[in-house]
Amino acid sequence: MIKLVVDNLNVEVPEGSTVLQACEEAGIEIPRFCYHEKLSVAGNCRMCLVELENSPKPIASCAMPASSGMVIKTNSSMVKDARKGVMEFLLINHPLDCPICDQGGECDLQDQAMFFGKGSSRYNDAKRAVSDKNMGPLIKTTMTRCIHCTRCVRFANEVAGVENFGAVGRGENVEITTYLEKAVVSELSGNLVDLCPVGALTSKPYSFLARPWELTKTETIDVMDAVGCNIRVDSRDGKVLRVLPRINEDINEEWISDKSRYAIDGLSKQRLDVPYVKVKNKLLPSSWNDAFKNINAKLSNISSNQVAAIIGDQADTESIFALKKLFEKIDSKKIAINQHNYNFLKGNRSNYIFNSHINGIEKCDSILFVGINPRLTAPIINARIRKNYLNRDIQIASISSEKFDLTYDYNFLGNNIDVLNDIHDQKNEFGKSFNKSNFPMIIIGDEALKDSQSRNIQSICIEILTKANAFRKDWNGFNIMHNSSSIVGSYDLLNNYSSISHFEINNQCKTGEIKFLFLLGVDENLYKDYKDTFIVYQGHHGDAGAQRANVILPGSAYTEKSASFINLEGRLQTTERAVFPPGDAKEDWAIIRAMSEFLGKKIKYDSLNELRDQMNKEVFEKIMFREGSFNKKPLKGKFEKLNSSHLIGSGRNQYMTCPISRSSNTMAECLKNQER
């Protein structure tokens, strides 16, 4: 530890800390524009000047390493005059357009000019003007406001891995730009808006919609993928206007993906706000009683083994549990755990979660991807892997349908899954080095989970990790990377209840064996050749599932309910209601509860808290959760050599993976921009 004095306070900081960090340890706020905790030090703005004893001039605290015996002053007349001078220079060319700037009310330049500025300027020369740049459909540019802090450049190069973004020119002619006048193509580009301390980069979809003090701010969880990023939803007059990241160092640090941030305009489009019943092959608006009557009439005339359900990608744990309790009353166990044809090994919880945890990626020294493109499936995890790649000597290899651009170098081992045989037998270089690594990790994705040899792939991966000593008290290297927010929670709740797959349900519907199918937010993989299957769709958008349904029950989106989701690493998190659902739409658990009473199969709970108490008592208290499952080795099935088989791409469009994003105009613009 290093000992120094800051404003007559004795401070201890770890070796390698800067003077700025030492000042913050003492509880003293240091103004800054270019410095950011997650980015490299640039030392551009000079706003963080402090006085060092025996130094003839102020020092930039962000770039000065702290050393023992330093005596720092942050409030002396020298420091005050220096900061006023810096602020005066920064404002020389800054336009006076605060009333029309979207950054107004949350602008670092405004705040620091008020607290540390001079209040007047001695400069009367004309301000320079800089042309705006095209950075795509998400980022609005007003580059005359730019103060050249280069936060955006460092984020693009270091975190996002987009290396066509930087500064050109010298002196007064410096401009931040994409070098070839192309739009920024990155799944993390929206974070540039958060990083900009002035109004040079602002959100294009949010432009001129609201001021920050007009918004109701709700801390909640993102469900656009399985990562479970912590977000803040800002709303006004019952409409969601923007989504911002919340800091959670264990999950998303302080970043979120563009889809999480900008797909929200889809929340207000193509919404289901009343129940619908199909009459003469046409869906007509109905009442809740009439919708339940139609469901009851159908269920009354069929046996329990002709009833089935499928869980959708954004179903919350409460609605899944409620549906399970209803099916127990109906005496049916035909609930498909997800709407994809995944084939998992039957074992303990470690068989289907991301066991190493998201923050565990940073100590990993060897990674093998099996059938996945992490940049599209989980951009936040891909950014964490890139962070590790930049900070240490890590070896990365991939077996996937094609060679993807993952923003870091890796060894592409081909698209034939039988390469795993060679890794297991250590017949190739990667297999030999993987076996010697200290913290080896295998990440399996949907290309492998949908493969006909899926269970054998998982078994051989467990065997490879066992040989590499990857199952210890301090490490579990077996990881499944899911692409939807409901899958882990669905497995936790239904793994010991139902064994039927989505594929089997589809076949039984086509043969007429299943007469009644309940879709809980299912909008994918729907066949049109079902024979006499009565379909009930419960969801929030008029997507594919609703179009195929006989009865539609309007549910709530994730911003409209308090609900629990379990992310890919097995972490239970809760969303909070930011706005109310439209029209007669209800929360999903409440719909199932009301339907159960109408059907004469009443579920024994009357409130959300009662449901959660029952769910925790029956399920979550019995399974090994987080730390409990961390040390548990996943169970492998019968181990066999893999046959030669080429992995097939998922064909998923990264911008349109759910009803919300498919309804979003902004996501449609992003897709067009990507295809150019």
Side-chain angles (χ1 to χ4, degrees), residues 223 272-277 286-300 304 307-312 314-335 337 486 489-490 492-494 497-498 516-522 534-540 545-546 549-566 572 574-577 580-620:
V223 301
L272 300 172
D273 55 359
V274 294
Y276 287 84
V277 173
S286 174
S287 66
W288 283 104
N289 278 348
D290 286 344
F292 291 154
K293 280 180 184 177
N294 274 266
I295 295 170
N296 190 36
K298 184 65 179 179
L299 284 173
S300 300
S304 60
V307 180
I310 305 174
I311 306 299
Q314 293 181 352
D316 55 86
T317 58
E318 288 86 357
S319 62
I320 297 169
F321 183 75
L323 186 63
K324 174 188 171 185
K325 303 308 288 184
L326 176 59
F327 267 58
E328 285 177 356
K329 296 278 187 179
I330 294 173
D331 195 25
S332 171
K333 290 192 173 184
K334 292 184 178 180
I335 305 179
I337 290 177
S486 69
S490 185
D492 282 346
L493 292 165
L494 299 172
Y497 179 77
S498 173
F516 182 97
L517 181 62
F518 191 94
L519 303 178
L520 185 59
V522 177
F534 187 90
I535 297 179
V536 177
Y537 172 81
Q538 181 172 317
H540 41 75
N550 296 88
V551 175
I552 296 174
L553 306 176
S556 304
Y558 71 105
T559 56
E560 300 159 1
K561 58 186 175 183
S562 176
S564 302
F565 292 86
I566 301 177
L572 180 65
T574 304
T575 63
E576 295 298 333
R577 176 188 285 160
F580 286 93
D584 290 337
K586 308 292 182 186
E587 292 190 20
D588 293 299
W589 70 268
I591 294 172
I592 296 170
R593 165 64 179 76
M595 181 170 60
S596 72
E597 188 165 5
F598 200 97
L599 298 176
K601 302 182 183 298
K602 184 179 177 182
I603 306 171
K604 294 180 180 178
Y605 62 84
D606 296 311
S607 68
L608 182 60
N609 287 336
E610 286 181 20
L611 186 157
R612 284 177 174 167
D613 288 343
Q614 191 175 348
M615 180 172 63
N616 291 335
K617 199 173 293 183
E618 289 188 20
V619 183
F620 294 140

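Scored by the salt bridge (charged side-chain N to carboxylate O under 4.0 Å, His left out) test, K325 finds E328, E618 as partners (sequence neighbours excluded). Taking the side-chain hydrogen bond (donor to acceptor under 3.5 Å, both in side chains) definition, one finds that K586 meets it with nothing, sequence neighbours left out. Listed by chain and residue number, nothing satisfies the side-chain hydrogen bond (donor to acceptor under 3.5 Å, both in side chains) test with Q314 (two or more places apart in sequence, or in another chain). When the side-chain contact (heavy atoms from CB on, under 4.5 Å) test is applied to A549, the partners found at least two apart in sequence or on another chain are I535, Y537, I552. For the ring pair (Phe, Tyr, Trp, His ring centres under 6.0 Å) test, residues two or more places apart in sequence or in another chain that qualify with F516 are F534. Among residues two or more places apart in sequence or in another chain, the side-chain hydrogen bond (donor to acceptor under 3.5 Å, both in side chains) test is passed with K561 by D316, D588. Residues meeting the side-chain contact (heavy atoms from CB on, under 4.5 Å) test with T574, sequence neighbours left out: S562, S564, E576, R612. Every residue two or more places apart in sequence or in another chain that forms a side-chain contact (heavy atoms from CB on, under 4.5 Å) with A308 is listed here: K334, I505, I514, L517. Under the side-chain hydrogen bond (donor to acceptor under 3.5 Å, both in side chains) criterion, D606 pairs with R593, not counting sequence neighbours. Every side-chain contact (heavy atoms from CB on, under 4.5 Å) that F580 has, sequence neighbours left out, goes to R577.
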Could you give the side-chain donor-acceptor pairs of residues 291-298 under 3.5 Å, partners two or more places apart or in another chain?
{"residue": "N294", "atom": "ND2", "partner": "D290", "partner atom": "O", "Å": "2.8"}

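The main-chain N or O of A563 is found under 3.5 Å from a side-chain atom of T575 such that the two form a donor-acceptor pair.
Counting heavy atoms from C-beta on, the side chains of L272 and H540 never come closer than 4.5 Å.
Going from atom NZ of K601 over to atom CE of M595 covers 12.0 Å, rounded to the nearest 0.5 Å.
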